[in-house]
Every structure is written in C-alpha cells, then in structure tokens.
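I have placed the structure first, in the form of structure tokens, so that the comments after it can refer back to it.
Below, read A as the first sequence line, B as the second, and so on, with proteins coming before strands; counting in each chain starts at 1.
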Amino acid sequence: MTEKLPVSEQVTLLKRGIDRLETEEELRQLLERSHQAGKPLRVKLGIDASGPDIHLGFAVVLRKLRQFQDLGHTAVLIVGDFTGKIGDPTGRSKTRPQLTNEQIKANMARYREQVFKILNPERCEFRFNSEWLDKLSATDVVNLAARYTVARLIEREDFKKRLEEGAPLSVHELLYPLFQGYDSVIVFADIELGGADQYWNLLVGRELQVRFGQTPQVIITMPLLVGTDGKLKMSKSYGNYVGITDPPAEMFGKIMSIPDELILNYFQLATDKTDEEIALFARRLSGGENPRNIKAELARSIVALYHSPAAARHASEEFDRVFREKEPPTQMPEFPLPAPGVNIIQVIVQSGLLPSKSEARRKLTEGAIYLDGQRISDPELIVKPQDRPVILKVGKRRFLRLVAGS
RNA sequence: GGACGGGUUCCCGAGUGGCUAAAGGGGGCAGACUGUAAAUCUGCUGGCGAACGCCUACGGAGGUUCGAAUCCUUCCCCGUCCA
C-alpha cells in the first residue's frame, strides 16, 4: 500500500492518465483532510447495469479507482439498477431500451466477480440506487427537479442534437442526470470518477450536492478507450470491445486487430507500463520496427493482466501458429461423423460454424471453406469419417475437427 | 384538441400497384494483398430446397385487386406547426 505517500505525491499519482479534474485544489484539500482525520475518502463510481461484461474501456476507470483504494480510500460503486431502467441517454441518438429487473439481476450477478478482478473488495461498497430512488415520492421528485433548470439540462450536446434533429427525447431521459447526481448526495461522495463522456453528468452531481448543502464532489474523468474498430469508443453496444473475462486467445486476437495508431494509447490506458517503458515502445515504432511485434507485446501485457503471464505466452504462441504459420489451432471443437458420412453443408450448420445453409452455400462459392487445407466448393460433398481426424476450416478463424463417431 | 409530415431489410435511406428479397450508402462476412493492422480491389449479405420454385419481410390488424411496401379502413408509435 502507498497510504503513507505525501499529499503532493498522491496528487501527482492520481493525476496520471486522467482526462479532466475539477478541481485540483479541492482534491488536494480532500486528501489533506482525509489524512489528518484518518478518514478515507468516498470515491463514487456509477456502474451501468445494461450488460454483464466489463471491458477494457471501463477498466480504465476501474483501475483509477483501484489507485484510490491503494491510497486507503473507499470505493463506492453505485449500481444503476434504477437508472438502468431509465436508460442513459449519453451520446445516444435514440432512446435506449429500458431494462427489466430480471435482466439487471442477471447482469449484476456476473458483474461483481469481474469488478473484483480489478478492485480490492476490502475497501469497496456496493450500492444499488433503486435502494433510495425507488422510495422517492412524486413530491420528492418534484423537489429534486426544482433544483435544476431545463436550460441547463438541454445544454448537453446529445440532447441538443436530438432536439434539433427532431428525434424523440423523453422526459424521463432528462431526469436521468438528476437521479445520477442525486446518488452523489445520498452516498456523500467526496470524489466521483467516470469516463470522459460522463463529465457533464458528474457536474450535475456536483451542483446538486451544493444545493443539498454538501461540499461538492471532486470529479475526475478518464479518457475513453477507442474500440477494436479503431473508430468508436469501446462499448458493449457497438460490439467493439475486449471483455476482461474474454478467454486469453480471444483477448489476444482482438487486441491484435486494433489499428496500429492505437498501440501506444492502449499501452497508456490499458496496461501498467510506466511512462519510460511506453516511451521505449514509441521509439521502437518510430524506429521502423514492425508494429506487429509491439502490438503482440501489448496483447501479452493485457492478457497477463487479466489471466496470467503463462496464459499470455500461450495465447501469443497459438496466435503465431494459427495466423502466421497457418497451422490449425491446438484446441478446436470436435464433430462426430457417422459412418455413412454427412453432407458438408449439414456439417457446417449443425456444428454451428455458420448460422444457415444458405450462408454455408455462399461461403462455399466464396472459397472460404477448407478441408484439411484443401479449398472445397462442392455443396454436394459428403464427408465420410477417416481413420484420422479431418480439419474443417471456415473463413480465417473457425475450425472444426471431424472425427469418426455416430 | 386541430392541421400536416413520417414509421422500409443489422443501421441510414430510396422506392407510390406487377420488372421488388426491395436502389444507394454504412456495417458485417468472405476472397486477393498482408503483420488476423490500416489502405486498396473483388464478391456476398432473409430462410428452405439440387433446381423450376416455395416461405417470411416494408409499424399492427383487416380489406380492395389476378397481383400491394405501394390503394382503402382502422389501430399503435414518432415528429413539426397551431391552440
């Protein structure tokens, strides 16, 4: 633990890699006061309950929160089960679907264990905001709403845009930032963390606290990690994310598919590499070394972080084996072939390699299907069991071992 | 409450009676090239069938017609303006 660090050094540490801090002076004061009173700060982080998987983008924020824990402070995780039912409008052009209680429950069950891959469970509070938000009466809601103006609410880029484009914007979505801010009031947040896109929401919390007679929370936002597509922010709904529970091989592969320009950014945001180490990578890149090598080191670092160094090494070797040397992977699903043989299209669909026969037929004509390294194109082909397993390959990365069986 | 405009395949968006599984773009997938990067080029992109074809699909339901995404009725939803 680094609890004994002088305040100025704590500030330096906490400022590393962040997007915005409001305000540094207030943070300094909080740390001083906490140090003198021997009382840990309450660092709030809202968790979206819309999906069960934590990805590297959110991990950026979680890792910052972990730093606070390492300095002796308390992480206060607010599970947005109530606000999840409303749907966070941030950055959306469309009204988000509202989640049911069952969905949220199912999501959260897996969430906890994932969070603790990064956070220290010892210094962590888990709160569901339905705990207090469900209890608000209409009077309470009006009371809350009275403390903020519509003009302030629709200042937001995304709201404004939707209004201008004539897209629907429901009143409940307008309420979302208020409720999220109210969470800060309820849990007496000293600091709130979030992604850069949450900046505006966090500010609302800050202002509401003042209106409820509290000291405003310090807010710290973290840069958004760009997804594997290299364009949009990493997000569950864009399908461009790397889950922290993704199996090593998958995690490795996804990271290898990011654009080269993102390599250093990923090192900074998603690994524990020091500035010096990252500078070295930067020099190797500009020195003309094949970015592939450096990206592979990145991928290994990240897999090591969430699995183990050994798993990272294996994933790396397997990757080279399959994609550089074009060898089949060591592990692949098996499909038992009955003695009379089965039509190739049946095999592909029944094994789940492709979703429909039409699709299988298409891939066959596209030359995407290989049997033991031989491209095949005959949709009539009957595959019979051999005395040794035969490997079926669909596209670049789908493999199946065909074995004798019934 | 009134007037008007709109709801199309994963997304955006064309399409106003048969030539429409529906232009175009995006995304995705596949092939070539590669470093499973990017860029580029090419192809594919509802399902079933070997195939003539059949089924499902243009907000929901019903109707007109030999034939409807396209016309009519009704319901639902969204937006704009007026009150």
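For A/R362, taking side-chain heavy atoms from C-beta onward, the closest of the listed nucleotides B/rG35, B/rC48, B/rC44 is B/rC44. In this structure, the nucleotide among B/rC44, B/rG35, B/rC29 sitting nearest to the side chain of A/P291 is B/rG35. In this structure, the nucleotide among B/rG35, B/rC29, B/rA37 sitting nearest to the side chain of A/P259 is B/rA37. Set against B/rA30, B/rG35, B/rU45, the side chain of A/N290 has B/rG35 as its closest nucleotide. Closest contact between the side chain of A/K326 and the listed nucleotides B/rG47, B/rA30, B/rU34 involves B/rU34.
Pair assignment for B/rC4: B/rG79, on the basis of Watson-Crick or G-U wobble contacts that are both within less than 3.5 Å. Base pairing analysis places B/rA38 opposite nothing; no Watson-Crick or G-U wobble pair with both distances below 3.5 Å involves it. Both distances falling under 3.5 Å, in either a Watson-Crick or a G-U wobble arrangement, place B/rG24 opposite B/rC12. B/rU65 is unpaired under the Watson-Crick or G-U wobble criterion, no partner having all donor-acceptor distances under 3.5 Å. Nucleotide B/rC58 forms no Watson-Crick or G-U wobble pair with any nucleotide shown, as no partner meets the under 3.5 Å limit on both distances.
If you check distances only, the side chain of A/D260 does reach the base of B/rG35 with a donor-acceptor pair under 3.5 Å. Scanning atom types as modelled, one donor and one acceptor separated by under 3.5 angstrom connect the side chain of A/E366 and the base of B/rG43.
Inspection of the A/Y370 and A/Q374 side chains reveals no N or O donor paired with an N or O acceptor under 3.5 Å. Checking A/Q67 against A/D70 by side-chain atom types alone, no donor-acceptor pair falls below 3.5 Å. Side-chain contact of A/E318 with A/T330: a donor-acceptor pair under 3.5 Å is present, judged by distance alone.
Both A/A368 and A/E250 lie close to RNA chain B; mapped to their nearest nucleotides by heavy-atom distance, the more 5′-ward contact belongs to A/A368.
The phosphate of B/rG27 (OP1 or OP2) has a side-chain N or O of A/K231 nearer than 4.0 angstrom. At the phosphate of B/rG49, neither OP1 nor OP2 sits under 4.0 Å from any side-chain N or O atom of A/S358. OP1 or OP2 of B/rC29 has not a single side-chain nitrogen or oxygen of A/R398 nearer than 4.0 Å. Contact annotation: A/S257 side-chain N/O to B/rA37 OP1/OP2 distance is not under 4.0 Å. The side chain of A/R361 contributes an N or O atom lying less than 4.0 Å from OP1 or OP2 of B/rA50. Here A/R375 reaches the OP1 or OP2 of B/rA32: one of its side-chain N or O atoms lies under 4.0 Å away. OP1 or OP2 of B/rG49 sits under 4.0 Å from a side-chain N or O of A/K357.
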*Under the side-chain hydrogen bond (donor to acceptor under 3.5 Å, both in side chains) rule, what do A/S184 and A/K44 come out as? Steps first, then yes or no, please.*
CA-CA 7 Å; A/S184 292; A/K44 175 194 168 197; 2.7 Å; yes
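Among the heavy atoms of the strands, none lies under 4.0 Å from A/I263. Residue contacts for A/E380: at a heavy-atom cut-off of 4.0 Å it reaches the sugar-phosphate backbone alone, with no base atom in range. Within the 4.0 angstrom heavy-atom criterion, only backbone atoms of the sugar-phosphate kind lie near A/G367; the bases stay farther away.
In terms of heavy atoms, A/V403 sits closest to A/P389 at CG1-CB, 4.1 Å.
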